[in-house]
Amino acid sequence: MRETSAMRVAAVIVAAGRGERAGGGIPKQFRRIAGRTVIGWSIRAFADANVEPIVVVAAPDRLPEPEDRNAGVIVVPGGETRTASVRNGLAALAARPPDVVLIHDAARPGLRAEMVRALVAQLNAGALAAAPSLPLSDALKRVDETGRLLGEHDRSSLLRVQTPQAFAYSLIWRAYGLVGGRAFDDDLAVARAAGAEATLIPGDPRLMKLTFPEDFPIMEAILGGHRAARVGTGFDAHRFGAGDHVTLCGVRIAHDKGLLGHSDADVGWHALVDAILGAIGAGDIGQHFPPSDPQWAGADSELFLRHAAKLVGERSGRIVHVDVTLICERPKVAPYREAMRARTAEVLALPPDRVSVKATTTERLGFLGREEGLAAQAAATVEMPA
Ligand code: CTP
Ligand code: MG
């Protein structure tokens with residue numbers, strides 16, 4: 001048995017389909033699920049298993065995002081059918097043939113490196129073709145074209161076959177040469193038409209093919225499970241000075257004093273910005289918007305909050321919940337609480353039930369009790385790729 005490391009293993013990911021059944025505006029393989037493109041999940045799994053090159057077969061008018069075209073990825077044009085697209089992918093490898101090629105649907109983002117290794121191990125052990133498969137669990141019925149029930153179909157002799165399907169490259173390339181221009185459902189069928197036997201290994205329900213609109217939330221739940229929640233906290237205080245209003249969580253409140261600070265001194269949002277930055281480990285508000293920088297004088301804190309939210313998005317994170325506590329004797333916050341909540345939710349593009357704004361006093365103790373200043377603390381829960 002040869003060492004895996006000694007085998008050259010390449011992949012062909014077919015991504016030239018239009019995803020008509022899935023709808024959704026752009027082809028399903030380029031939509032985002034749990035912070036990554038659908039095809040990006042498979043590219044990552046192959047790369048994790050040291051597969052190289054990864055040939056992505058795509059329609060010339062719909063190429064993968066730059067983030068999915070890193071080192072090791074080659075993009076070639078697709079064909080009219082899946083079979084034609086695979087053929088183009090295999091052809092791109094012909095000049096420097098690998099030992100093994102894994103052929104995979106871009107529409108199956110639940111691929112993991114372990115599955116790649118398990119398939120390659122079969123070829124290492126002498127198989128010429130290997131694929132993951134699962135039994136059927138639902139009852140099967142035959143129907144006519146109108147959907148009228150005709151009878152039962154025995155499921156005991158049936159299996160569902162997934163991708164990736166692994167082949168000795170020389171075998172599958174020869175098989176594609178033999179079958180001519182016919183279209184097949186998968187590549188095992190091509191190999192079989194050329195007389196090759198396949199080894200089936202246990203499949204993975206996560207490898208389901210995104211086909212219909214309702215498949216997307218299911219996959220989002222499966223892949224989103226690989227995310228971890230992080231909590232960040234923030235605190236801010238500003239001194240009272242002359243003025244006629246304060247701005248708290250984006251809401252202007254008439255008051256007999258104002259808050260001093262380089263921007264609009266919105267302590268609620270400043271604490272919240274620090275909480276969000278804390279959750280993603282991105283420093284603090286002063287680092288992003290130095291108080292010494294005149295461009296932030298009198299700035300609307302909405303700018304800071306939007307910036308923090310943008311940084312979360314850039315890291316493929318998602319703000320799950322935020323909670324702000326304002327600490328002061330006066331002004332009374334209660335009448336403005338709902339407005340603050342709505343404004344914060346609006347800026348963060350969150351439903352209002354994921355935003356909490358609370359208030360408390362310090363029972364007249366300390367600088368807050370003496371109304372020398374106003375303080376706020378905040379917590380932000382952010383979900384990030386694990
Ligand atoms: N595919 C391809 N070239 C084609 C047709 C399909 O590369 N001419 C790819 C798809 O991008 C997908 C895989 O083959 O990754 C499986 O095909 P399917 O699930 O049928 O995807 P679509 O053809 O895109 O979807 P639909 O049939 O709903 O239009
Ligand atoms: Mg199709």
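A donor-acceptor pair is defined here as one N or O able to donate and one able to accept, closer than 3.5 Å; such a pair exists between the side chain of T83 and the backbone of F184. Remark: side-chain polar atoms of D215 are paired, donor with acceptor, to backbone N or O of T211 under 3.5 angstrom. Using modelled atom types, no side-chain atom of K28 and backbone atom of P213 make a donor-acceptor pair closer than 3.5 Å. With hydrogens and angles disregarded, no donor-acceptor distance shorter than 3.5 Å links the side chain of T325 to the backbone of A359. Checked by atom type and distance alone, the side chain of D274 pairs as donor or acceptor with a backbone atom of I285 at under 3.5 Å. A donor-acceptor contact shorter than 3.5 Å links the side chain of R315 to the backbone of L311. Of the possible donor and acceptor atoms, one in the side chain of H288 sits under 3.5 Å from a partner among the backbone N and O of A282. With hydrogens and angles disregarded, a donor-acceptor distance shorter than 3.5 Å links the side chain of R87 to the backbone of Y176. At least one donor-acceptor pair closer than 3.5 Å links the side chain of T163 to the backbone N or O of D105. A donor-acceptor pair is defined here as one N or O able to donate and one able to accept, closer than 3.5 Å; no such pair exists between the side chain of Q29 and the backbone of I39.
Taking NZ of K209 as the reference point, atom CZ of R108 lies at 6.0 Å (rounded to 0.5 Å). From S170, atom OG reaches atom CG of L128 across 7.5 Å, with rounding to the nearest 0.5 Å. In this structure, R148 CZ and L150 CG are separated by 5.5 Å, a value rounded to the nearest 0.5 Å. Taking CD1 of I280 as the reference point, atom CD of E314 lies at 8.5 Å (rounded to 0.5 Å). Once rounded to the nearest 0.5 Å, the distance linking CE of M115 with CG of L102 reads 11.0 Å. Of the inter-residue distances, the one linking D300 atom CG with L305 atom CG reads 10.0 Å to the nearest 0.5 angstrom.
Under the 4.5 Å side-chain heavy-atom criterion for ILVMFWY residues, a single connected hydrophobic cluster contains both M7 and I54. Under the 4.5 Å side-chain contact rule for hydrophobic residues, V55 and F46 do not share a cluster. Linking ILVMFWY residues whenever their side-chain heavy atoms come closer than 4.5 Å, directly or via other members, places I13 and V100 in the same cluster.
Partner D186 forms a side chain to side chain donor-acceptor pair (under 3.5 Å) with one of Q162, Q165, R192, R82 and no other, that one being Q165.
Among all heavy-atom pairs drawn from A58 and V75, the shortest one is CB-CG1, 4.3 Å. Taking every heavy atom of both residues into account, L93 and P53 meet most closely at CD2-CG, 3.6 Å. Summarising the geometry of G110 relative to D204, their closest heavy-atom pair is O-OD2, 4.4 Å, with the distance given to 0.1 Å. When every heavy atom of V76 is checked against every heavy atom of A92, the shortest pair comes out as CG1-CB, 3.7 Å. Pairing each heavy atom of A113 with each of D48, the nearest pair is CB-CB, 3.9 Å. The heavy-atom pair separating A107 from P109 by the smallest distance is O-CD, 3.2 Å.
Counting heavy atoms of neighbouring residues, nucleotides and ligands inside a 6.0 Å radius, atom CZ of R44 does not exceed 12 of them. Within 6.0 Å of the CD atom in E80, the count of heavy atoms belonging to other residues, nucleotides or ligands does not exceed 12. Within a 6.0 Å radius of CZ in R330, other residues, nucleotides and ligands contribute more than 12 heavy atoms. For D293, the CG atom sits in a packed shell: over 12 heavy atoms of surrounding residues, nucleotides or ligands are nearer than 6.0 Å. Counting heavy-atom neighbours within 6.0 Å of Q295 CD, excluding the residue itself, gives a total above 12.
Under the 30°/60° scheme for interplanar angles, the aromatic rings of F240 and H255 are found to be tilted.
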Test log, rule side chain to side chain contact (heavy atoms under 4.5 Å, CB included), inputs N50 and V9: CA-CA 8 Å; N50 299 318; V9 182; over 6 Å; no
V324 and T344: CA distance, side-chain angles, deciding distance, side chain to side chain contact (heavy atoms under 4.5 Å, CB included) verdict: CA-CA 10 Å; V324 180; T344 306; 5.6 Å; no
Trace of the side chain to side chain donor-acceptor pair (under 3.5 Å) decision for T247 with D266: CA-CA 5 Å; T247 302; D266 186 334; 5.9 Å; no
Pair H270-F304, ring-ring contact (aromatic ring centres under 6.0 Å, His included): steps then yes or no: CA-CA 8 Å; H270 291 185; F304 308 159; 5.7 Å; yes
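A salt bridge does not link R21 to E214: none of the charged side-chain nitrogens sits closer than 4.0 Å to a carboxylate oxygen. Comment: R142 does not engage E152 in a salt bridge, judged by the lack of any side-chain N to carboxylate O separation of less than 4.0 angstrom. Of the charged side-chain nitrogens involved, none lies within less than 4.0 Å of a carboxylate oxygen, so that E372 and R239 do not count as a salt-bridged pair. Salt-bridge annotation for R343 and E302: present, with a side-chain N of the basic residue lying under 4.0 Å from a carboxylate O of the acidic one.
I201 is listed as a side-chain neighbour of L119, based on a closest heavy-atom distance under 4.5 Å. Side-chain atoms of R174 and L171, non-hydrogen and from C-beta on, do get closer than 4.5 Å to each other. Between L200 and L188, some side-chain heavy-atom pair lies under the 4.5 Å cut-off. In this structure the side chain of Y169 never reaches within 4.5 angstrom of the side chain of R8, judged on heavy atoms. At a threshold of 4.5 Å between non-hydrogen side-chain atoms, the residues M208 and M219 count as touching.
Side-chain contact, T381 with H321: no donor N or O sits under 3.5 Å from an acceptor N or O. D264 and S301 form a side-chain donor-acceptor contact under 3.5 Å, judged by distance and modelled atom types alone.
R31 forms a cation-pi arrangement with F216, by the criterion of a distance under 6.0 Å to the ring centre and an angle within 45° of the ring axis.
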